[in-house]
Amino acid sequence: MKAVVFYEHGGPEVLQYVTDFSEPVLGPDDVRIRVRATALNRLDLFVRQGIPTLKLPLPHILGSDVAGEIDKVGDNVRDLEEGERVVVNPGLTCGECEYCIQGEDPLCVDYKILGEHVNGGYAEHVVVPARNVARLPTDFPYEAAAAAPLVYMTAWRLLITKAKVKPGEDVLILGAGSGVSTAAVQIAKLAGCTVFVTSSSDEKLQKARGIGADVLVNYKEMPWSKAVWELTGKRGVDVVIDHAGASTLKDSMRSLRKGGRLLVPGATTGPMAELDLRYLYWRQISIIGSTMGTQKEFEDAMKLVFMGRLKPVVDRVFPLEEARAAHGRLEKQEQFGKIVLRVD
Ligand SMILES: [Zn+2]
């Protein structure tokens, strides 16, 4: 089959487009999908570069977000048929551990992400457990569907499940252009919050306004925590979503109101951050970690995507063959929203 694979870790140049990669093996509880679109995530860059704690058999196929049509079903699969158009929840669980039984999928002791721990969607075909797929409404475009799962389920869990945001609350989202940010802006807006976003690019801020952001903070002009402090009348915001980590945590703490919640879904600028404990106890701030989402959170978010209440932001679509160029764009953070690969 056609696929983009890598045989060694490194920069975008290690990605190779091949046409003779062996087909994935279908298990009894799986479906095989003819991939039509797959979206990039920052995770792809980390996996391609090599994650020190992740021993990955090579060659490997990236791609967590997949949309396409089912072209084979496993023997035990009763409720899905060949030809059905679907989108995939990229979180793979054991279904049996204490956390799975609680319905806390991303805490599964054997949690895996499609395209990270197992071969993903940068290919003509991918095999996934049947329980991970959701049917697409008729005519829902594959590119928009592929742009949705990982970032919407992640942002949904962050804002709705973990932060429990309420109408009227102020939510600050760092980095307007990332996929999770564009999803979070829309979800916070839908929940009735006032949405603050930061960026060094006025163009990205304007695009964020276009999808619902209310207050735009360009940190080239003024340190953003200072700007947020002024804009909220020295009260601070209720919730901050900070996926940057090392470079921003201090300012995120400063931007929160008393009793505020700091949500941490990642640490793209580095894992070790300084924490001023005086802010933590005096302002009685909660720091909440979160990653990915449950099948329920995936379905809740996708339902609103399918209804058009949440609209995946597709930055650009590249053909699969141009995966290297797509990675280059994501690496330079030129994108606003999701970069998608089309698989013809
Ligand atoms: Zn489990």
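Numbering of ligands and ligand atoms starts at 1, following listing order.
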Step-by-step side-chain hydrogen bond (donor to acceptor under 3.5 Å, both in side chains) determination, Y122 to D44: CA-CA 11 Å; Y122 288 26; D44 301 10; 2.5 Å; yes

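- Here the rule is side chain to side chain contact (heavy atoms under 4.5 Å, CB included) with N41, and of T154, D65, V47, V180 only D65 fits it.
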Evaluation steps, salt bridge (Lys or Arg N to Asp or Glu O under 4.0 Å), between K338 and D315: CA-CA 5 Å; K338 302 296 289 177; D315 169 73; over 6 Å; no

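- Tested against D71 for a salt bridge (charged side-chain N to carboxylate O under 4.0 Å, His left out), the candidates R34, R32, R36 yield a single pass: R32.
- With a 6.0 Å cutoff to the six-membered ring centre and a 45° limit on the axis angle, R85 does not count as a cation-pi contact of F140.
- The minimum heavy-atom distance between E96 and C100, with the atom names listed, is N-CB, 3.7 Å.
- Screening the protein for N, O or S atoms under 2.8 Å from the Zn ion (ligand 1) yields 4; no waters enter the count.
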